[in-house]
Student: 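Below you'll find the structure I mean.
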Amino acid sequence: MVKPVGSACNLDCRYCYYLHKQGLLHQPRLPRMSDAILEDHIRQYIEAQNGEEVVFSWQGGEPTLLGLDFFQKVVDLQNRYARPGQRIENDLQTNGTLLDEQWMEFLARHRFLVGLSVDGPEHLHDLHRVNRGGEPTHRRVMGAASLLRKHGVPFNVLCVVNRDNARHGREVYRFLCGEVGGRIIQFIACVEPRDFQCVAPTKWIEADLPIVGTPRARPGAPDSIVTNWSVDPADWGRFLCEVWDSWYPGDYGRVHVDLFESAIAQSLGLPAQKCITAEFCGKALAVEHDGSVYCCDHFVYPEFRLGRITERHWGEMAYSQRQQDFGYAKRDTLPDYCRQCPHLSLCWGECPKNRFVRTPDGKPGLNYLCPGLKRFFAHIRRDLPAIRKRIERDHQSPLWG
């Protein structure tokens, strides 16, 4: 994931996990990836790929702050360095507030996939997603969705599920499908420890971690381990169940919900579709505006810096022993409580950044969202046999022997 403008953003979302990087990483007020580092990144990233498709993911902060000229350079450099037969794809995650007709023409012409951040209907979205002046952004985001549909630019919807909108699962899902027109929807659980601005994930003091299910392991308590806007584990499970029950009867096969598709695939013995539910992680590396590479988008802290692309090749860092150890640690650090769970193969402890509570018997390393995840996985098991039959019928062959 490329952060060409660092943490700079024209919004001030109250739950943002990245705005504080400006102070943590000592970034300038308006960071910008230089032309030289941009070229190094594109060249090295293409060189490190051994497949026919190379996907570039542009994120932030807000990457559209860089303007169209920057992204025209991106396309030109990709065309220069792509090997014969390679297909270059781009996706762009944006809050949508700066998109206009010119952006649409560019995105459509160069086949960019756009990720648009929407947290549901206006009264839920505007609780947290405000601009630097504290003003709501929902109407501008909906204007961007309208432009994307008008110009036929493919887009998916990214919804951050926080403590507030988590209590409105059906309403949020129906809005994203109906009003926004999303056919690919990504739900991300909003979870951050209170000290996330200064303490890196997995670097917590184990003795200070609460037991799962206790008041400290939920938002709202005076001594809670998480921020007040973090989703409650019970609400996360309820949200996923509500959305599943809205999605499965009529939208299965029509609307792609990332967490659901991955759960179905894993229940059938197929690979995970998302890193957070895979047995191993380590493929979501992040490169900052200055060329610094980090183990993961959610681990952009000094402790997880792998190097700089002006000093080490992208491929060397991505396949380094340090990065492999980071990826395998997801499985190797699971407590026995997880290893004995009937849902292990669907979850694998979820994202390591959220493993800051202790098991009922006091062992560290349990995921904060565990109670909600258990509820969701138990809920969908009733529908999985029918889904398997449907898939086998459509493919006219068994999925396994």
Side-chain angles (χ1 to χ4, degrees), residues 51-53 55 91 113 115 120 154-159 161 166 168-178 180-189 231 233-281 283 330-331 334 337-351 367 369-401:
E52 295 179 356
E53 181 184 66
V55 180
D91 57 68
L113 171 65
F155 73 99
N156 58 34
V157 179
L158 186 151
C159 177
V161 182
H168 305 270
R170 291 184 182 87
E171 181 183 5
V172 169
Y173 175 70
R174 286 303 171 198
F175 181 85
L176 298 181
C177 289
V180 181
R183 292 297 174 264
I184 303 175
I185 300 175
Q186 180 181 6
F187 290 115
I188 294 181
V231 65
D235 288 342
W236 177 236
R238 188 178 303 111
F239 177 92
L240 293 177
C241 291
E242 285 187 9
V243 175
W244 175 278
D245 289 345
S246 297
W247 169 82
Y248 177 60
D251 290 341
Y252 171 76
R254 187 181 72 90
V255 178
H256 177 100
V257 179
D258 63 338
L259 290 172
F260 298 170
E261 302 288 348
S262 196
I264 292 169
Q266 288 172 256
S267 73
L268 299 173
L270 301 173
Q273 307 298 297
K274 291 180 65 65
C275 61
I276 61 171
T277 57
E279 184 175 2
F280 312 109
C281 63
K283 295 183 179 181
K330 180 180 183 185
R331 177 200 61 187
L334 280 173
Y337 183 79
C338 292
R339 297 181 189 279
Q340 297 165 5
C341 177
H343 310 299
L344 174 64
S345 62
L346 302 183
C347 172
W348 290 106
E350 212 252 356
C351 184
N367 197 291
L369 295 170
C370 178
L373 292 169
K374 278 188 169 182
R375 175 176 178 172
F376 170 63
F377 292 136
H379 182 78
I380 67 174
R381 283 196 180 276
R382 66 183 184 187
D383 297 320
L384 293 178
I387 291 174
R388 172 176 172 162
K389 288 182 180 179
R390 180 172 176 175
I391 293 174
E392 290 184 340
R393 183 185 68 241
D394 291 345
H395 288 271
Q396 298 182 342
S397 63
L399 288 166
W400 62 74

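Here, residue 1 is the first one in the sequence, and each next residue gets the next number. Just so it is clear, the values below take in all heavy atoms, side chains as well, and ignore hydrogens, waters and symmetry mates.
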Student: In this structure, are over 12 heavy atoms from other groups packed under 6.0 Å from Glu53 atom CD?
Tutor: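 Count over threshold, so yes.
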Student: Could you check whether any side-chain N or O of Arg375 sits under 3.5 Å from a backbone N or O of Leu240, counting only pairs where one atom can act as donor and the other as acceptor?
Tutor: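 Checked: no pair found.
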Student: Within this structure, what is the NE2-CG distance for the pair His168 and Asp235, rounded to the nearest 0.5 Å?
Tutor: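 These two atoms lie 9.5 Å from each other.
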Student: Could you list the residues that satisfy side-chain contact (heavy atoms from CB on, under 4.5 Å) with Gln266, not counting sequence neighbours?
Tutor: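 Testing Gln266 for side-chain contact (heavy atoms from CB on, under 4.5 Å), a comparison that skips the adjacent residues, returns Ser262, Ala272, Thr277, Leu346, Trp348.
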Student: Taking all atoms of both residues into account, what is the closest heavy-atom pair of Val255 and Gly182, and its distance?
Tutor: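 In this case the closest contact between Val255 and Gly182 is CG1-O, 4.3 Å.
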Student: Please assess Ile264 against Ile391 for the test side chain to side chain contact (heavy atoms under 4.5 Å, CB included), listing each intermediate value before the final yes or no.
Tutor: CA-CA 10 Å; Ile264 292 169; Ile391 293 174; 4.1 Å; yes
Student: Do Trp244 and Val257 touch side chain to side chain, with heavy atoms closer than 4.5 Å?
Tutor: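 In short, these two side chains do not touch, never coming nearer than 4.5 Å.
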Student: Quick check: do His256 and Arg183 have side-chain heavy atoms less than 4.5 Å from each other?
Tutor: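 They are not in side-chain contact.
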Student: Any non-hydrogen side-chain atom of Trp247 less than 4.5 Å from a side-chain atom of Ile185?
Tutor: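 They are not in contact (no side-chain heavy atoms under 4.5 Å apart), so the answer is no.
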Student: Can any side-chain N or O of Lys374 pair as donor or acceptor with the backbone N or O of Cys341 at less than 3.5 Å?
Tutor: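 A pair under 3.5 Å: no.
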Student: With the side chain counted from C-beta on, respond yes when Phe187 and Leu176 share a heavy-atom pair under 4.5 Å apart, and no when they do not.
Tutor: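 The answer is yes, as the side chains (C-beta and beyond) meet within the 4.5 Å cut-off.
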Student: Answer yes or no: is there a donor N or O on one side and an acceptor on the other, between the side chain of Asp91 and the main chain of Leu113, under 3.5 Å?
Tutor: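 Between the backbone of Leu113 and the side chain of Asp91 there is no qualifying donor-acceptor contact (under 3.5 Å).
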Student: Could you check whether Asp245 and His379, counting side-chain N and O atoms only, form a donor-acceptor pair closer than 3.5 Å?
Tutor: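 The answer is yes; a qualifying pair exists.
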Student: For Pro342 and Arg381, work out which heavy atoms get closest and say how close.
Tutor: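 Between these two residues, the closest heavy atoms are O-NH2, 3.2 Å.
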Student: Just so I know, are the side chains of Tyr248 and Ile380 near enough to count as touching, which here means a heavy-atom distance under 4.5 Å?
Tutor: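 No - every pair of side-chain heavy atoms lies 4.5 Å or more apart.
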Student: To the closest 0.5 Å, what do you measure between CG (Asn367) and CD (Glu350)?
Tutor: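 Between atom CG of Asn367 and atom CD of Glu350 there are 4.5 Å.
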Student: Centroid-to-centroid, Tyr173 to Phe239, below 6.0 Å?
Tutor: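 For Tyr173 and Phe239, the ring centres are not under 6.0 Å apart.
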Student: Search all heavy atoms of Gly169 against all heavy atoms of Val243 and return the closest pair with its distance.
Tutor: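 Looking at all heavy atoms of both residues, the shortest contact is O-CG2, 3.6 Å.
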Student: Out of curiosity, Leu373 CG to Cys347 SG, how far, rounded to the nearest 0.5 Å?
Tutor: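 These two atoms lie 5.0 Å from each other.
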Student: Quick check against the 3.5 Å criterion: does Arg388 have a side-chain atom that pairs as donor or acceptor with the backbone of Asp383?
Tutor: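 Between the backbone of Asp383 and the side chain of Arg388 there is no qualifying donor-acceptor contact (under 3.5 Å).
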Student: Could you give the distance from NZ (Lys330) to SG (Cys351), rounded to the nearest 0.5 Å?
Tutor: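 One gets 7.0 Å once the value is rounded to the nearest 0.5 Å.
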Student: Examine distances only and state if a side-chain atom of Lys274 and a backbone atom of Glu261 form a donor-acceptor pair shorter than 3.5 Å.
Tutor: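 Here the side-chain-to-backbone pair does not exist.
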Student: Can you tell me if Arg170 uses its side chain to pair, donor with acceptor, with the backbone of Ser246 under 3.5 Å?
Tutor: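 Pair absent, no side-chain N/O of Arg170 close to backbone of Ser246.
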Student: Can you confirm whether Leu369 sits close enough to Val231 that some side-chain heavy atom of one is under 4.5 Å from a side-chain heavy atom of the other?
Tutor: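 Yes, close enough: below the 4.5 Å cut-off.
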Student: Specify the closest pair of heavy atoms between Asp251 and Cys177, including all atoms of both residues, with the distance to one decimal.
Tutor: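 Asp251 and Cys177 have their closest heavy atoms at OD2-SG, 4.3 Å.
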Student: Mind checking whether Phe377 and His343 have parallel, tilted or perpendicular rings, split at 30° and 60°?
Tutor: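 Plane angle between 30° and 60°, so tilted.
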